[in-house]
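We name chains A, B, ... by the order of the sequence lines, and we start the count at 1 in each one.
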Amino acid sequence: MNAAALPGPRLLSRAKLPADTVALARFLIGKIVVRELPEGVVSGRIVETEAYVVGDAAGHAFRGVTPRNRSLFLERGHAYVYLAYGISHLLNVSSEAAGTGAGVLVRALEPLDGVPLMQSNRGVVGLRDLARGPGRLAAAMRIDRRLDGLDLCRRGDLWLGDDDRQNDEIGQSVRIGITRDAERPLRFFLAGSPFVSGPRALNRQ
DNA sequence: AGTGCGATTGACT
DNA sequence: GTCAATCGCACTA
């Protein structure tokens, strides 16, 4: 009831993050995204991710470093935020070693703390749709390019947390909304979670 | 300097 | 199910 009285999530240390992009995408399921806003803290449990691996034609790092994608080349655990379709911001977690361009797209959250604040960020929306989809997630948490390059392994405006909750089964499917390398099963999701985006056919086991 | 295009969403038939 | 919105940026020249 009183969220402020409960112990918040622990900061996820960089040492715990798998260096491998696919392993990181799997690992991040069940972890927590914490957003600190002037009005309060907003957080949610990650229920859906996609890996954009080294040499991936669908990945933004495919053609090397550019002003937009440079955060993908930071050491694992940094934010890569970009604007898609001129409409939606998308949050990624950089992966691999510094200098290697790869990352994990965070596609959906199960809202935890600050639900009213998320609703005010998006316009009032039901709990299930608050952060179901990468653009909605960023809007709910008020994430934009100003957070690009941020270290998610330090407490601050945006960081990754863990509360040791045990994961249910993790499902796997092809990635959503891409045209190149579209057959690779690099999307991961918490099986059975109503907060996962994507067509039902992809969310079956 | 000009052009084309999305790792999406919400509105609409 | 289809489709337009909207803009930063990568690409070409």
[atom1] of [X] versus [atom2] of [N]: gap in Å, rounded?
| X | N | atom1 | atom2 | result |
| --- | --- | --- | --- | --- |
| A:His89 | C:dC7 | NE2 | C1' | 10 Å |
| A:Arg70 | C:dC9 | CZ | P | 10 Å |
| A:Arg136 | B:dA11 | CZ | P | 10 Å |
| A:Arg63 | B:dG4 | CZ | C1' | 13 Å |
| A:Asn69 | C:dC9 | CG | C1' | 10 Å |
| A:Arg68 | B:dG4 | CZ | C1' | 13 Å |
| A:Ile178 | B:dT8 | CD1 | C1' | 14 Å |
| A:His60 | B:dG6 | NE2 | P | 10 Å |

Identify which nucleotide among [options] has an atom closest to any side-chain atom of [X], counting heavy atoms from C-beta outward.
| X | options | answer |
| --- | --- | --- |
| A:Tyr85 | B:dT9, B:dT8, C:dC9 | B:dT8 |
| A:Ile176 | C:dG8, B:dT8, B:dA7 | B:dT8 |
| A:Leu90 | B:dA7, C:dA10, C:dG8 | B:dA7 |
| A:Arg107 | C:dA10, B:dA7, C:dA5 | B:dA7 |
| A:Tyr82 | B:dG10, C:dA10, B:dA7 | B:dA7 |

Reading DNA chain B from 5' onward, which residue's closest nucleotide shows up sooner: A:Arg122 or A:Gly177?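 Here A:Gly177 is the residue nearer the 5' end.
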Distance flag, aromatic centroids of A:Tyr52 and A:His60, threshold under 6.0 Å: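 Ring centres of A:Tyr52 and A:His60 not closer than 6.0 Å.
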Would you say A:Ser88 reaches B:dT9's phosphate, i.e. side-chain N/O to OP1/OP2 under 4.0 Å?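 Result: no.
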How far does the C1' atom of B:dC5 sit from the matching atom of C:dC3, given to the nearest Å?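 16 Å, rounded to whole Å.
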Does CZ belonging to A:Arg155 count more than 12 external heavy atoms closer than 6.0 Å?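 Above 12, so yes.
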For atom CZ of A:Arg63, is the number of surrounding heavy atoms from other residues, nucleotides or ligands below 6.0 Å larger than 12?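 Open.
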Under a 3.5 Å limit for both distances, which nucleotide forms a Watson-Crick or G-U wobble pair with C:dT6, could you say?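 Result: none.
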Within a strict 4.5 Å, meaning less than it, do heavy atoms of the A:Arg76 and A:Val93 side chains meet?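 No; the side chains remain at least 4.5 Å from each other.
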If only side-chain N and O atoms count, and only distance matters, is there a donor-acceptor pair under 3.5 Å linking A:Glu75 with A:Ser94?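 Per modelled atom types, A:Ser94 and A:Glu75 side chains form no pair under 3.5 Å.
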